[in-house]
Amino acid sequence: MQELLFLGLFVLALGIGWFLGRREAIKVGFMLEPHGSALDRQYFIGLNYLLNEQPDEAIETFIRALEVNPETVETHIAIGKLFCQRGDVERAIKVHQNLLARPNLSRPQADRVQLELARDYLAVGMLNRAERLLEELVEAASPLRAEALIDLVKVHEREHEWDSAILVGTKLVQERSAFAVTLAHYHCERALVLLQGNNQSAARKHLGQALDTDSGCIRAMLMLAELDLDQGQPQAAQRWLNRLAEKDADFVPQALPLIRRCADNGALDMVQYLDRVIASSAQPQVLSVLARADQLKSQASLHEVSHFVLAHIQQQPSLRGLLYLIDLHLDHVEAKGRDNLLILRGIVEALVVDKLPYRCASCGFLAKKLHWQCPTCHGWSTIRPLKGREAA
């Protein structure tokens, strides 16, 4: 079915190109007879191949029949793109290389063909060739410069060449401001490499640049808080954790180990911190609520702690919240009731295990843990913690 659809689109594109090429040829006096020309014969030979279920021969014949002139360039480009989408990248490269070799292309047409050829090379992993073509478009200040920068930065990203990705991304963000989110992650990736090499000062510089690029970069805040704690600066870490809570309280559960370390160092009042986080959100993360309940255990009765958790999970039903309540009461019931609670606990725990608490807002990918880059659509900062019934 897909093969038939491809051939249908292909024939339609070629038909249009054939008509345009024929009209151009007549206009310049190249074709004197409107019927019975070599072009006509090639076209009908191609149709014959197609009817005889010989698509490869048909395609080759159609390409030979289609004259390259200013009015058919877009048709040739479309043919190459169809080949690439079909998975026949070798043939797409051949079409685009043939086009690029033509001396009569206008500058915009040549740039478009060069961009498509670079994308063909990307599709088959010929990254060096793709990079060279894309850099030429960027340096020539082509109208396609932004598109070339987008593809070029993907080359460096795939190769984990973070310095080069940052260099290209800095140019791209001037054209596409939304790219700042991705560029901030490039700085974080570079900082991660530097931290692995124990170069903390250079890593800190990149994390600062990440926040200069995207003030809401949660990843940079978490990394800076951890770096400050590791260097014995809990007060500095506390400032990053406060900033995280203000920017996006949904990610506070990711910071709970750091929050506890800050509290142990006396740099942060965990109770006040969590109260502020919960009060500022109409739908707080259940893990933030349960962390606050843990703090409440040492100060309040079992009834008060249960009431606190129950009040939140009634508003926002949660299996984790239910599991917490069961555990809270296990040691305070009679043996028979405890057996029943243990059975219920096993059922709820099995349901929690099956839940995937993170989802990509772009493609819907579900994950067991937080990824800063979606493994499916490769978007940065698109995966977020789920809430309520969708979470656990």
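Keep in mind it's a predicted model, so treat the numbers as computed, not measured.
Side-chain atoms of E136 never come within 3.5 Å of backbone atoms of L133 as a donor-acceptor pair (strictly under, hydrogens ignored). Without hydrogens or angle criteria, E304 side chain to S301 main chain gives a donor-acceptor distance under 3.5 Å. At least one donor-acceptor pair closer than 3.5 Å links the side chain of K368 to the backbone N or O of V353. Under the 3.5 Å distance criterion, the side-chain polar atoms of S215 are left unmatched by any main-chain donor or acceptor of L211. In this structure, D269 contributes its side chain and V271 its backbone to a donor-acceptor pair below 3.5 Å. Side-chain N or O atoms of R338 include one that pairs as donor or acceptor with a backbone N or O of L330 at under 3.5 Å. Counting only distance, with no hydrogens or angles, the side chain of T213 and the backbone of Q209 share a donor-acceptor pair below 3.5 Å. In this structure, the side chain of S177 does not engage the main chain of Q174 through any donor-acceptor pair within 3.5 Å.
Rounding to the nearest 0.5 Å places CG of L167 at 10.5 Å from CG of L183. Atoms CZ and OG, on R384 and S362 in that order, are 13.5 Å from each other to the nearest 0.5 Å. The line from CG of D248 to CE of M221 is 8.5 Å long, rounded to the nearest 0.5 Å. Rounded to the nearest 0.5 angstrom, D327 CG and L341 CG are separated by 9.5 Å. Separating the NZ atom in K355 from the CG atom in L366 is a distance of 9.5 Å, to the nearest 0.5 Å.
Neither side chain, Q238 nor Y273, offers a donor N or O lying under 3.5 Å from an acceptor on the other. With no hydrogens or angles considered, a side-chain donor-acceptor pair links Y324 and D294 at under 3.5 Å. Checked by atom type, the side-chain pair E157/Q373 shows a donor-acceptor distance below 3.5 Å.
Taking 4.5 Å as the limit, some side-chain heavy atom of I218 sits within range of a side-chain heavy atom of W372. Side-chain contact check for L122 versus K154: every heavy-atom pair is 4.5 Å or farther apart. In this structure, K247 and C217 have side chains that are not in contact, with every pair of non-hydrogen atoms separated by 4.5 Å or more. Side-chain atoms of I166 and H206, non-hydrogen and from C-beta on, do get closer than 4.5 Å to each other. Using a 4.5 Å heavy-atom cutoff, the side chains of K387 and S281 are in contact. Two residues are said to be in side-chain contact when any heavy atoms from C-beta on lie closer than 4.5 Å; L195 and N198 fail this criterion. You'll find the side chain of R219 stays beyond 4.5 Å of the side chain of L222, heavy atoms only. Side-chain contact between V252 and I259 is present, with at least one heavy-atom pair separated by less than 4.5 Å.
Ring geometry for H312 against F308 counts as perpendicular: the plane angle is over 60°, on a 0 to 90° scale with 30° as the lower cut. A perpendicular orientation is assigned to the rings of W380 and W162, their planes being inclined by more than 60° (bins at 30° and 60°).
Across every non-hydrogen atom of N265 and P234, the tightest pair is CB-CB, 3.8 Å. The shortest heavy-atom contact between L386 and Q285 is O-OE1, 3.4 Å. When all heavy atoms are compared, the tightest approach of L227 to R204 is CG-NH2, 3.6 Å. When all heavy atoms are compared, the tightest approach of S318 to V286 is OG-CG2, 3.4 Å. Taking every heavy atom of both residues into account, L194 and A203 meet most closely at CD1-N, 3.8 Å. Summarising the geometry of V277 relative to A249, their closest heavy-atom pair is CG1-CB, 4.0 Å, with the distance given to 0.1 Å.
Few gaps surround NE2 on H329; more than 12 heavy atoms of other groups in view lie less than 6.0 Å from it.
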Inset, instruction - Could you go through the salt bridge (Lys or Arg N to Asp or Glu O under 4.0 Å) check for D230 and R261 one step at a time? - result: CA-CA 10 Å; D230 290 343; R261 285 175 64 185; 3.1 Å; yes
Inset, instruction - Run the numbers on C262 and L229 for side chain to side chain contact (heavy atoms under 4.5 Å, CB included), then give the verdict. - result: CA-CA 8 Å; C262 262; L229 282 168; 3.9 Å; yes
Inset, instruction - Begin with the C-alpha distance, continue with both residues' side-chain angles, and end with the deciding distance and a verdict on side chain to side chain contact (heavy atoms under 4.5 Å, CB included) for L117 and Y121. - result: CA-CA 6 Å; L117 181 57; Y121 288 143; 3.7 Å; yes
